[in-house]
Each structure stands twice: as structure tokens, then as C-alpha cells.
Amino acid sequence: MKNKAMQTTPDLSRRDFMKASAALGAMSLGVSTNKIFAAGSGKVRIGLIGCGGRGTHDATKCLNSSENVELVAMGDTFRDRLESCRKRLKQNLGEKVKVTDDACFSGFNAYKNVLACDVDMVILTTTPHWRPMQLKAAIEAGKHVFMEKPVAVDPVGVRSVIASSELADKKGLTIVAGTQMRRISHLVEGIKSIHDGAIGELVGGQCVRLGGGMLTWGPKQRQPDWSDMEWQIRRWLFITWLSGDFIVEMHVHNLDVMNWAFNAHPVQCIGMGGRQVRTAPEYGNCYDHFAVEYEYPNGVRVEYMGSQIDGVTNRNDQRFVGTKGRAYTDFGRVVIEGPNKAEYAWDRIDPCITQHADQIAAIREGKRLNEGKRIAESTLTAIMGRMSAYTGRALKWDWAMNASKLDLSPPKYEFGDLETRPVAIPGQTKLI
Amino acid sequence: MNKRVSRREFVKAAAAASLIGAGPALTSRLHAAGSGAVKVGLIGCGGRGTGAATQALMGVDKSVKLWAMADMFRDKLDVSYNMLSKGAKGRYDRVDFDGLADQMDVPEERKFVGFDAFRKLLGSGVDMVILTTPPHFRAEHFEAAVKAGKHVFMEKPVAVDPVGIRKVIAAAKLAKQKGLSVVAGTQRRHQRHYLEIIKRIHNGAIGEIVAAQCYWNGGGGSLRGEKPDGMSDMEWQLRRWYYFCWICGDHIVEQHVHNIDIMNWALQAHPVQCMGMGGREVRRGGNIWDHFAIEFEYPRGVRVLSMCRQIRGCSDRVSERIVGTKGFAYIDSATGYIKGENQYEPPGSPNPYVQEHVDLIKSIREGDALNEGVQVAESTMNAIMGRMSAYTGRALKWDWAMNASKLDLTPPKYELGDLPVAPVPVPGKTPLV
């Protein structure tokens, strides 16, 4: 899902791109010390796992981020998605796309086939459900990983991601998560100033993202030959076991900014939500609105409100309240109010490029760069909010992280019958 | 909320109140001076009305009399009359009592039923009325009571739409001119530990207020059962009023207004704007929702979170929290404290449902008119605005809602006939009126 800044901003100017690539050109001149990286050639060979819209986007950004990066293998559950992605990438990137027919894989095991190819790094952009198992396989196979947010849909998946991230450190592998807001200039500066005390001690906050019903997303018509499984995967955005629901799938971006500013994850939460508009069967079992109060350390309560409903007042911002002022942030600027008044604007450098450039440079220089645990925590922040809203129960972080047994995986991965689980009902849906 | 007050606390309150009752002669011109007697009329004889009547009668002294009763339905009036005269078990708002027949003088000719029962009661010679019908009727009843020169105890909320709010504010101003006492059933305003904590907040104990939260997350039910054969739509809706927005205002207005009122009290202001969401996941029948979450923005950019839910089996929370630059305050119906630079823990409070009547009758007798009309109208407006924002999905400004909104939920006519149920609101589709 594109964030607002990305949607409303035209493609990066040539100048921005040159600036970004010049910066890392300097870095890439260094001699690679990472044993795992194909030392000497400097070439980084990429495998793309998950060829949807975001996969196409990330592969494009990655290949444009640095010199001498090639796409050599691709995998997706569906052949048609893979082929359309491959065609687009070829058009966009030309010679950088060196994916032969025998390096294209489809089906549930496509990711294993890609990992068996001669690739240095994989981009994991399948739907969120598969992230934990694919990350695990990739790290075990010794690959660097760029993975999109969110990185799991349930606590079992979050624990797996944390374990894989720890393994990555042991193996000297890098992991970057697609939380580009961590690299956008105004937030980097603005949140640093919050950490440096610009608004005093944090005592409150708000995180609000409203609007955008996504009603036109995806195929609306089920084809006669599609099994339940195929229908659900093609409508994954609205199926909780696949997407995690929109609080996880999209709003993890905003919640990640909260965790970043607070330098912490929440201690507990209480949430509510439901679906008032997306009630038709093609919207699966996801909600269309959530409101969660997160309590951070020291009893600081933060409000999150999120919706995906058309025709409502749109908002997308975070706000931090301190003892000495306030910081308003969105995807375009940061405004500090109070005695340390300041404003930070986006420098127009595309953070989606920067995140890949950073990773390629780290790989080449053999530097540690591992965002796995951090994104796992932000993902659990969102998951815990969803769990609280679905069940109506207040939740503690420690319980969700360590004790919850929630695992949304289907009984088996095959194109067959799979009943869509009922929409959660607070007070009735069980807390697992 | 709903924590039963101990017998000891209640007796203490009643004793304190008696002292007041025995005080100097009355000075209010409007009150039947000299006798000390206060003739009370009860308009709305449901559970809360019956409760409020017991508190008015038991809280002060025996010279407070129930003089007349009015309700839409005779059966409801009779249940209330029998309970008041014979006694009843206690419930959330009151202790067990043995019957108050010696303070009741309600002959058949002062029992009124129907849509215009309130007008007849206002002409029956009462000094003070208790307005405890469902919220829809409050604005009209309050206006009529003030015009008739009566002191008023009225339950929250005091309206269900901005049109009703404007009526209440106008009537509250008229009451001020007339020197009439008006107390609202926002009993936290009469509860000692609330008073002590809020006073300290106003005196700077937690520094400048920068954030706050208020909640009424509790249980709730659905409209069950079919309309009985032969009963009109209107009667069915009035008898099951809670589930119909035009009568109840939805639970954010009907119930959560208590907590929202504390926000306005602590911040000494009403919000400037709000943004809300909500829906109904569990509740069936009627057209009210079962959960709301609203961000209210107060002056100086202070944002306040309000959450309310009526769904069984969820984690409950009914409280308020006010965050300042030097600490924070937590309050609920039983307890409270201030943490930070100026720690404070207040003593417990006597039964606030009694205290509000003690305060009202004292005010009537001393001719020092309490007037909570505008205050409760603003808190009610606050909740209505949150509901309107959630129903429509639109951010709202206070000034617009207060002055320009034309929302009026009144049905085409008050008669026991056909009345289709308005659809359950859908954000992004339900128009902002």
C-alpha cells in the first residue's frame, strides 16, 4: 500500500535520484568484506518473492537505488501475476532484469525455488501471512532480506520473525523492513529533536489515519475455476489470516512512527472497532474501523484511530504531546510547537530508494543492518490492537508477545476448500 | 459507577442534609415561603425517575413531598407509585427503603398520563419538578417547567440533537432571570472526591492540562422480542426507548455524557472540534450503535480521547484521566487520586445521587439559585457532536454544531401510531444535517 506522500508526490526527479545514487556510489567503492556477499564482483543478485504491486514497486526502487544490482529470479503464487510483473520490470529497468524463464517460479513453494537460485538477497513482498516462514527460509539459506511491512499477522509469526532476525545477526545477514518513514528526512530530524527533548517528557499522543475505503481494490468477480483458497489469496487484503486486517497491513506505518518517537513499544492496550460499510461478502472478514488506546511506559496513553471508509473526513497524522510542547507529524512535515519551535519539511529524497541503497551499501561493506526485531515489535503493536478490538479485551504486551497462541494459518496450503472465517464479534470472539 | 453507597455513608449524608433543612427560613420568593414544604412533581416514572424521587424525598427532610406524578403510560406510573409508597430493594443509585407514603400526597387527580401529562402536572401546584423521561422529551419539558416558574431537577442528557440543546440553553437563561434552581443529574459534580480533585486541578496541581481520556466501556443489550400485536410503533419505541436514537440519543449521549461532562469541568471549556468513529457489531434491533471513539479537541489544541462501548463480555472501564505538565489525575465513581508533583488522595464521597438533591433543595430554600442548565446542555452537546461525527464520519466544529446544525430528531407527530425506524447510520453515507 502506498503511503500518502508517495501517492501525492510525482516520481523522483532525475536530480534526486542522482543525488541518492552518488551518495551511495561513494560507499559502494569500498571493498566488500562480507563473506556471504559475492565479494569482488560487487554485483548484488536479487530474487523477488511476491510479484504484486508492492513487489514490482520495491524491485524497481531496489534496482534503481544502486549500481550493479540485478534481478535474477522471481516467485509468486500465481503465474499471471509473475508474468505481468516481469513484463513491467523489464520495461522499466531493461538490462538490470536478468530473469530467465527457468528462474521464474509459481505455486506455494515458489519462494523455496527462488532461494535455491544464485541470489545474494531476496525481496519479500508476498502478502503478510507468508512473511515469517519466508524470512526464516531466507535467513537459513544465507540470504540478505528486504521485507515489506507488516511482517506477520499473529503473535506466533512475530516470534518467528524475531528468532529469524537473531539468526540473521549470527550469520552476518542484513534485514531491512519496508518502513520507509524511518528514513524520510523530516521524520528523521523531527523525531531526533523529540528524543533530544524538544518537547520535554512525552505524556500523550495521537495517531490518526482515516479514509480510503479500498472498495475498488483487487478482483471483484470470482472466476468459476478459483478455489476458496485462490479467491481468498486474490482478495487477500480483506482476509485477516492473509493481511492481518488494515490496522496491521497499512497502519503499522503510523504505529511504527509512534514506537519510534516513544523509543518503546506499548505496555498494554484496549481497542474497539467493527465494520459499518465493508459488510459485503467480498470484503472477507476485515473491519473498516479501529480505535485503540495504547499505553506506553510510564503510563503514557496514546490514542490510535484508523478507518478505511470512503466519504469520511480524511486524516493521516501523528502528534506527540510533551511537558514542554507538542510535535505534529505527517508524511510531509514535522511541526514542533512550544519553546523549541521548529519545522522540518521533507527534502524530497525518496525514502523508498534510500532504504534499499542503505541495505546494498551495508551488504557491500559487511556492516550490520538488521531491522527485524524493530519491525516485528511494530507489527505486534498493530496485531495487539486488532486482537483487543476483535475480542473487546484489554491486553498486555507481555502476554501477547510471550503467551498468546494465536496462529491464523490455514490447515493446509493447497488450492481447495477454505471457509472464510466469521467476522470477529467483540465479547464473543475468543482471545487466544 | 453504580457502586452502592454504604448505609453509613448514606446516613451521614442524610444527617448533614437535615442540618441544612433545619436552617433559616426560606428566602426564595418562588418557593412556598414559610412552610418549608417543597412540593415535588415527578415527570417520567421509570427506574431513574423513581430513584430520583426517593433521593429528593429521603435526602433532606419530611417537608419535601411528592405531590404529583406524570408518565406516558399509566402502568409505569403505577409501578413507580407503588414502589415509592411501599418501599423497594436498593439498586445502583439508592439504598433499600421501606416506603415513603408519609411524604406522598398524590391523589388520583394528580396522576397524569400521555404526551401532555407534563403540562397538566406543571399546573397542579408543584414547586419543583423532577424531569426523568427519556432524553428526547427533556428540552420541551424543561422549557415548559421554567416558563411555569418551577425549580428543576433534570436527568442527563438534556437533549438528543442541537435543536433541543438550543432550547435548553434558552430555557436555562430564562431560569436564571427568574431565579429558579436547576440541577442536572450529572451527579459527579456533587460528589466530594470529584469536587476535591477538580478543585486542585483548577488550582494547578497537575500544571497545564495537555491531554485527557474518558471512558464508559461496559455492558449493553439488544432490543429483543417482537412488537406485541396491536401495539403501535410509537408505543413500542417509547417502551423500548433506549434502542432508538431519536428518544435516547444513543449511548454516547445517554450514558457516556457523565464522563464527557468531567472533561468539560476539568478543562473549564467545551471542545472546539471533534472527529469520531464507531458502529454496532453486536447490538440488534432499534438503530443505536454499540461503540464509539471520539477525539475531542479543546482550546489550546488539547486533544481528549473519549471511548464508550455497550457490549457484554468485553473489558470494562468507566473513568476519567486528566494529564498535565506536572502530573495527572485519575477519577472514577468510587475513587480518585492525583500523581506527580502534588500527590493527593481524597476521602470517599457520600451518595452523589442523594447529594445532588440535597444541594438542589438547599438552593431552593436559601433562594441562592443553582443553575446547571447551560453546563449540562454543553456536555450533552459535546456528546451529541461526537455521535454526529461518528455517524457521518465527518470532522465537526462546535460552532457549527451549536449554531448551524439543523438536526432535529423529533418525529412528525406525537401520537401512538405508525413510526418507521430510521436506518442504522453508515459513516460516509449518513448525511450531516
Side-chain angles (χ1 to χ4, degrees), chain A residues 199-201 203-206 208 210-211 213 270-277 279 287-293 295 299-307 309-315 319 321-326 328 337 388-395 423-431, chain B residues 207-208 210-213 215 217 219-220 275-282 289-295 297 300-317 321 323-328 330 339-340 389-396 424-430 432:
Chain A
I199 59 170
E201 189 191 334
V203 293
Q206 295 88 27
V208 182
L210 307 172
I270 183 163
M272 53 176 59
R275 50 196 253 161
Q276 285 303 108
V277 179
T279 52
Y287 276 5
D288 59 23
H289 64 279
F290 287 95
V292 183
E293 180 190 84
E295 187 171 313
V300 178
R301 295 185 190 180
V302 166
E303 128 213 351
Y304 155 80
M305 287 170 78
S307 73
I309 298 176
D310 286 333
V312 305
T313 303
N314 285 273
R315 258 179 69 181
R319 192 162 166 277
V321 180
T323 52
K324 292 180 184 165
R326 288 190 295 245
Y328 169 91
E337 297 166 358
S388 178
Y390 275 13
T391 62
R393 301 278 297 278
L395 284 190
V423 178
I425 302 175
Q428 295 172 28
T429 295
K430 288 201 168 40
L431 187 60
Chain B
E208 189 189 337
V210 292
Q213 298 90 29
Y215 322 84
N217 294 340
M275 177 72 222
M277 59 168 55
R280 62 186 229 163
E281 302 312 302
V282 180
W289 281 4
D290 58 22
H291 67 280
F292 290 86
I294 319 286
E295 180 192 81
E297 185 170 318
R300 294 179 291 103
V302 177
R303 294 191 192 170
V304 168
L305 171 65
S306 123
M307 276 182 141
C308 61
R309 172 161 62 197
Q310 288 191 344
I311 301 178
R312 262 184 225 118
C314 297
S315 297
D316 294 345
R317 185 192 282 178
R321 192 165 168 278
V323 182
T325 52
K326 293 178 182 170
F328 74 93
Y330 167 88
K339 291 229 163 113
S389 176
Y391 275 9
T392 61
R394 302 276 298 277
L396 283 192
V424 176
V426 179
K429 292 180 181 159
T430 295
L432 188 60

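First the proteins, then the strands, lettered A, B, ... as listed; each starts at 1.
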Which pair of heavy atoms, one from Gly392(A) and one from Cys314(B), lies closest together, and at what distance? O-CB, 3.1 Å
Let me confirm one number: the OH-CD distance from Tyr215(B) to Glu293(A), rounded to the nearest 0.5 Å.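 Result: 3.0 Å between the selected atoms.
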Can you tell me how far CD of Glu281(B) sits from CD of Gln276(A), rounded to the nearest 0.5 angstrom? 6.0 Å
Part of [X] lying under 4.5 Å from any heavy atom of chain B:
X         : value
Ile270(A) : both
Val302(A) : neither
Val321(A) : side chain

Side chain to side chain contact (heavy atoms under 4.5 Å, CB included) partners for Arg393(A), two or more places apart: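 So Arg393(A) forms a side chain to side chain contact (heavy atoms under 4.5 Å, CB included) with Thr391(A), Leu431(A), Ser315(B).
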With Ala291(A) via side chain to side chain contact (heavy atoms under 4.5 Å, CB included) - residues at least two apart: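 In terms of side chain to side chain contact (heavy atoms under 4.5 Å, CB included), with neighbours along the sequence ignored, Ala291(A) is linked to Met272(A), Met305(A), Met277(B), Ala293(B), Met307(B).
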Chain B contacts, top residue of Gly311(A), Gly204(A), Gly273(A), Ser388(A) (heavy-atom pairs, under 4.5 Å): Gly273(A)
When only pairs under 4.5 Å are counted, which of Val312(A), Val300(A), Val208(A) shares the most heavy-atom pairs with chain B?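 Option with the greatest count: Val312(A).
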[X] versus chain A, the contacting section by heavy-atom distance below 4.5 Å:
X         : result
Asp290(B) : neither
Val323(B) : side chain
Lys429(B) : side chain

Taking everything shown except Arg317(B) itself, do over 12 heavy atoms lie less than 6.0 Å from its CZ?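 Atom CZ in Arg317(B) is packed in, count exceeds 12.
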Residue pair Leu305(B) / Arg301(A), side-chain heavy-atom distance below 4.5 Å: no
Should Arg315(A) and Glu295(B) count as side-chain neighbours, where that means a heavy-atom distance under 4.5 Å?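 Contact flag for Arg315(A)/Glu295(B) side chains = yes.
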Could you check which of [options] has the highest count of heavy-atom pairs closer than 4.5 Å to chain A?
options                         : answer
Thr325(B), Val302(B), Asn217(B) : Thr325(B)
Gly207(B), Gly278(B), Gly324(B) : Gly278(B)
Arg312(B), Arg303(B), Lys339(B) : Arg303(B)

Using a 3.5 Å distance criterion without hydrogens, assess whether the side chain of Arg309(B) forms a donor-acceptor pair with backbone atoms of Gly271(A).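 Indeed, once roles are kept as given, a pair shorter than 3.5 Å links the two residues.
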Does Arg319(A) come within less than 4.0 Å of Glu297(B), counting only side-chain N to carboxylate O? no
